[in-house]
J.: 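Here it is, the structure, as structure tokens.
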Amino acid sequence: FQLELELDLARERLDTHRSFLQPDTERAVRRMAAEGKLLHTLRKLSGVFAVHKPSEISQNKMYNMVSRNILEGLNQIDQETSPNRTEVRVVLSEESSEISPSSESTELSNRDPHSVSVIRTDDLSHNVLVSGPRFQRLNLAAGGKLAKDSSGVLLFGINAGCRTMRVPDNRRKVYLVSGEFGMSTINFSPDGRIIKRTSYDHVTKEKLNHVMTRILHTHQKLAQKLSGVDPNSQEGFEMAAKGQEISFKKTNIEQPIVFNLRCVDYDLPTFTLEVESMFDDGGRRLRRMVHEIAWLLKSSAVCTKVRRVKDGLVTTDHTLLPKHCTLDNIIRSVQLITPLLPDPREDTDAAQQETVPP
């Protein structure tokens, strides 16, 4: 009976001091502002951005570096803006004496031995050292391929931008391919094992342009064949007269198609070609093309550099260097580059309208 009276007395005193249990208004406002800033950042982080991949870094390492920088930026915002969480417990004074002295206790009555105390302790369930960082995964996708020994524009899609990167890659890309006459290697690169050395004094720029014209003519025939349009038909004539781009019905084309090929720099034994292609493999077959051009010129050559300078409408001026791939810069790049690429949902709707009979 005495115990019941003591419990009733404790409940009455607890009801008279409810103010100690109400949440801290300033802390709640700070927490809401922190969540709002984080949500605002996540909304902006949806689209496509571009980075400049160096030749000594593989595409997988570039992907991991960009993903790590974004996650570190998000976790830093979450840690800086989120307030320290505390746990509030109401216990009797006898129980509060057993609590660690590091905790803060507020006694509601100091005279009664059975008074009620409010114990405030740190809530470690949200501590980074206990639960780990909040953001550990990221929805990120690379657009196309770029070989390890190649450099230049590399697109990434994040969140909603992953849809754009996962559709068939039908964007035209422009490369600057540098070569050097005089030797041939097993992997078409200067660091490979040399298998042949030849002379190149007989090679002139006119002969080089003539060979490139032959190669370009072969690729034009291939493009017309894959598009399903007969160049001798009325449709093919009208497309050529209007200068319309060729649309390909197949999306699983494995071999690259060259649309433009010209020499932008010629200084024996070195030369530089500008190649506009589609369905390429990130520069590997372009190195073989340099070898084939030299073989048609009765010489040999190796490819010294492959640099992608344009991917669709995105150029090197839109890219971020690896040291500039921070969260704020990536958000600015998303806002700049996403409008330059078509929305895959619009292409899907247009294709469905074409298939529906009138």
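All values below come from the heavy atoms of this structure, side chains included, with hydrogens, waters and symmetry mates left out. The shown structure was predicted, so the numbers you read here are calculated from the model rather than taken from an experiment.
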J.: Within a strict 4.5 Å, meaning less than it, do heavy atoms of the Asp149 and Val306 side chains meet?
T.: no
J.: Tell me, do Val302 and Val290 make a side-chain contact under 4.5 Å, heavy atoms counted?
T.: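 Contact flag for Val302/Val290 side chains = no.
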J.: If you apply the rule side-chain contact (heavy atoms from CB on, under 4.5 Å), what do you find for Lys61 with Lys53, and how did you get there?
T.: CA-CA 10 Å; Lys61 289 185 178 180; Lys53 189 191 83 67; over 6 Å; no
J.: Distance from Lys305 atom NZ to Leu176 atom CG, nearest 0.5 Å?
T.: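 Those atoms lie 9.0 Å apart.
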J.: Are more than 12 heavy atoms, taken from residues, nucleotides or ligands other than His202, located less than 6.0 Å from that residue's NE2 atom?
T.: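 More than 12 heavy atoms, drawn from other residues, nucleotides or ligands, come within 6.0 Å of this atom.
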J.: Indicate whether the side chain of Thr213 and that of His210 have a donor and an acceptor atom separated by less than 3.5 Å.
T.: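 Side-chain D/A pair, Thr213 to His210: absent.
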J.: Just by distance, do the side chain of Thr319 and the backbone of Thr316 share a donor-acceptor pair under 3.5 Å?
T.: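 Yes: the side chain of Thr319 pairs with the backbone of Thr316.
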J.: Atom CZ in Arg288, atom SG in Cys303: separation rounded to 0.5 Å?
T.: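 Output value for this atom pair is 13.5 Å.
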J.: Roughly how far, to the nearest 0.5 Å, is the CZ atom of Arg197 from the OG atom of Ser199?
T.: 13.0 Å
J.: Sub-3.5 Å donor-acceptor pair from the side chain of Gln59 to the main-chain atoms of Gly144, do we have one?
T.: yes
J.: Indicate yes or no for a side-chain donor-acceptor contact from Thr272 to the backbone of Ser178 under 3.5 Å, with no hydrogens or angles considered.
T.: no
J.: If I compare all heavy atoms of Cys325 with all of Asn69, which pair ends up nearest, and what's the gap?
T.: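 Looking at all heavy atoms of both residues, the closest pair is O-ND2, 2.9 Å.
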J.: Where does the angle between the aromatic ring planes of His291 and Phe188 fall among parallel (under 30°), tilted (30 to 60°) and perpendicular (over 60°)?
T.: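 Geometry flag for Phe188 against His291: tilted rings.
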J.: Check step by step if side-chain contact (heavy atoms from CB on, under 4.5 Å) holds for Val203 and Tyr266.
T.: CA-CA 11 Å; Val203 179; Tyr266 183 80; 3.8 Å; yes
J.: Which atom names give the shortest non-hydrogen contact between Asn159 and Leu42, and what distance separates them?
T.: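 Heavy-atom minimum between the residues: ND2-O, 4.3 Å.
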J.: What distance separates Arg284 CZ from Ser150 OG, expressed to the nearest 0.5 Å?
T.: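 Taking CZ in Arg284 and OG in Ser150, the distance rounds to 7.5 Å.
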J.: Within the 4.5 Å heavy-atom criterion, are Leu320 and Val66 side-chain neighbours or not?
T.: no
J.: Quick check against the 3.5 Å criterion: does Arg171 have a side-chain atom that pairs as donor or acceptor with the backbone of Asp311?
T.: no
J.: Looking at Thr270 and Asp267, would you say the former's side chain and the latter's main chain have a donor-acceptor pair under 3.5 Å?
T.: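 Yes; at least one donor-acceptor contact below 3.5 Å.
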J.: Kindly determine whether Leu155 and Leu341 satisfy side-chain contact (heavy atoms from CB on, under 4.5 Å), including the steps that lead there.
T.: CA-CA 11 Å; Leu155 298 182; Leu341 299 177; 4.2 Å; yes
J.: Taking the side chain as every heavy atom from C-beta outward, state whether Leu327 and Thr41 have any atom pair closer than 4.5 Å.
T.: yes
J.: Are Arg332 and Asp328 packed together at the side-chain level, in the sense that at least one heavy-atom pair is separated by less than 4.5 angstrom?
T.: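 Yes, at least one pair of side-chain atoms sits under 4.5 Å.
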J.: With the side chain counted from C-beta on, respond yes when Val334 and Lys44 share a heavy-atom pair under 4.5 Å apart, and no when they do not.
T.: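 Result no, sub-4.5 Å side-chain heavy-atom pair not found.
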J.: Taking all atoms of both residues into account, what is the closest heavy-atom pair of Leu71 and Arg137, and its distance?
T.: CD2-O, 3.6 Å
J.: For residues Val153 and Ala50, report the shortest heavy-atom separation together with the two atoms involved.
T.: CG1-CB, 4.4 Å
J.: Check the side chains of Ser184 and Ser300 for a donor-acceptor pair under 3.5 angstrom, ignoring hydrogens and angles.
T.: no
J.: With a 4.5 Å cut-off on side-chain heavy atoms, are Met212 and Cys263 touching?
T.: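 The answer is yes; the side chains approach within 4.5 Å.
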J.: Return the orientation label for the Tyr63 and Phe156 ring planes: parallel under 30°, perpendicular over 60°, tilted otherwise.
T.: tilted
J.: Test side-chain contact (heavy atoms from CB on, under 4.5 Å) on Asp191 and Asn187; report intermediate values, then the result.
T.: CA-CA 8 Å; Asp191 56 351; Asn187 60 352; 3.7 Å; yes
J.: Taking the side chain as every heavy atom from C-beta outward, state whether Ser55 and Arg307 have any atom pair closer than 4.5 Å.
T.: no
J.: Given the rule that I, L, V, M, F, W and Y join up when any side-chain heavy atoms are under 4.5 Å apart, are Val211 and Tyr175 in one cluster?
T.: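 Result: yes, single cluster for both.
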J.: Has His318 got a side-chain atom pairing as donor or acceptor with Thr315's backbone, closer than 3.5 angstrom?
T.: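 Indeed, once roles are kept as given, a pair shorter than 3.5 Å links the two residues.
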